[in-house]
Amino acid sequence: MKTEAKLAIEIQYGSPALEKKLTQVISTTLMKKWVQQACKLSGLITLRFVNAAEGKKLNSAFRNKDKATNVLTFPYELSKKELLADIVLCLPVIQKEAREQQKTLKAHLAHLVIHGCLHAQGHDHEHDREALKMEKLEIKILRDLGFTNPYLPLAI
């Protein structure tokens with residue numbers, strides 16, 4: 001008898017203002033659904049939403065890049081059955097990218113949550129072959145959730 005994976009999902013906000021801004025647009029239930037769709041293992045995933053200052057500090061400390069980035073993944077444990085990871089999402093960067101890419105915040109955030117979850121499970125995009133494999137997974141998961149391919153060019 002196969003038991004279903006038990007994945008705990010915690011959502012944190014760097015400030016009450018971030019929480020208010022985000023939860024007016026996207027429910028925590030929906031964000032958890034995205035994580036569950038991308039992660040079929042047991043364990044714990046923490047999504048932490050941060051402002052640009054915290055995003056910059058973390059990106060500088062862990063990637064030596066002196067700017068905030070959209071998503072950072074910190075995988076702590078990964079086995080065939082279990083994972084433990086933090087996924088840090090910088091809301092101001094994500095909002096700016098969504099506007100520039102003419103995407104809804106919901107669609108862009110879903111993509112980045114899934115992207116972070118795949119990183120937590122060992123996927124990477126450092127080389128073309130790995131990138132293509134990861135993109136195909138993202139596209140499939142997003143399609144299953146009702147989103148379009150995030151890599152298609154904008155229609156002008």
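Since we're looking at a predicted model, the values are computed, not measured.
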Rounded to the nearest 0.5 Å, how far does [atom2] of [Y] lie from [atom1] of [X]?
| X | Y | atom1 | atom2 | answer |
| --- | --- | --- | --- | --- |
| D86 | L89 | CG | CG | 11.0 Å |
| E82 | C39 | CD | SG | 12.5 Å |
| K133 | H127 | NZ | NE2 | 13.5 Å |
| S79 | L41 | OG | CG | 7.0 Å |
| K96 | Q101 | NZ | CD | 10.0 Å |
| L83 | S42 | CG | OG | 8.5 Å |

If hydrophobic clusters are built by linking Ile, Leu, Val, Met, Phe, Trp and Tyr wherever their side-chain heavy atoms come under 4.5 Å apart, do [X] and [Y] end up in the same one?
| X | Y | answer |
| --- | --- | --- |
| F147 | M134 | yes |
| I26 | L142 | yes |
| F62 | I45 | no |
| V25 | L109 | yes |
| V88 | L18 | no |

Evaluate the criterion side chain to side chain contact (heavy atoms under 4.5 Å, CB included) for residue pair I11 and F49; output intermediate values, then yes/no. CA-CA 8 Å; I11 300 179; F49 292 91; 4.0 Å; yes
So, the side chain of [X] versus the backbone of [Y]: is there a donor-acceptor pair under 3.5 Å, distance only?
| X | Y | answer |
| --- | --- | --- |
| T23 | E19 | yes |
| Q37 | I114 | no |
| N149 | I139 | no |

Any side-chain heavy atom of [X] within less than 4.5 Å of one from [Y]?
| X | Y | answer |
| --- | --- | --- |
| T28 | I9 | no |
| H111 | Y151 | yes |
| E97 | L112 | yes |
| I87 | V35 | no |
| R143 | K140 | yes |

Identify the two heavy atoms, one from [X] and one from [Y], that lie closest to each other, and give their separation to 0.1 Å.
| X | Y | answer |
| --- | --- | --- |
| L145 | K33 | CD2-CE, 3.9 Å |
| Q36 | K40 | O-NZ, 3.4 Å |
| A85 | Y76 | CA-CD1, 4.0 Å |
| R48 | G14 | NH2-CA, 3.5 Å |
| E138 | L118 | CG-CD1, 3.5 Å |
| I141 | A38 | CD1-CA, 4.0 Å |

Go through the steps to decide whether W34 and K106 satisfy the test side chain to side chain contact (heavy atoms under 4.5 Å, CB included), and finish with yes or no. CA-CA 11 Å; W34 299 340; K106 181 178 173 182; 4.0 Å; yes
Evaluate the criterion side chain to side chain contact (heavy atoms under 4.5 Å, CB included) for residue pair L22 and M31; output intermediate values, then yes/no. CA-CA 11 Å; L22 188 59; M31 288 186 274; 4.0 Å; yes
Would you please classify the geometry between the H119 ring and the H115 ring as parallel, tilted or perpendicular, with 30° and 60° separating the classes? perpendicular
Test V93 against every option in V71, N51, N70 by the side-chain contact (heavy atoms from CB on, under 4.5 Å) rule and name the one that passes.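 Exactly one pass, corresponding to N70.
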Other residues, nucleotides and ligands only: do more than 12 of their heavy atoms fall within 6.0 Å of CG on D144?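 Count over threshold, so yes.
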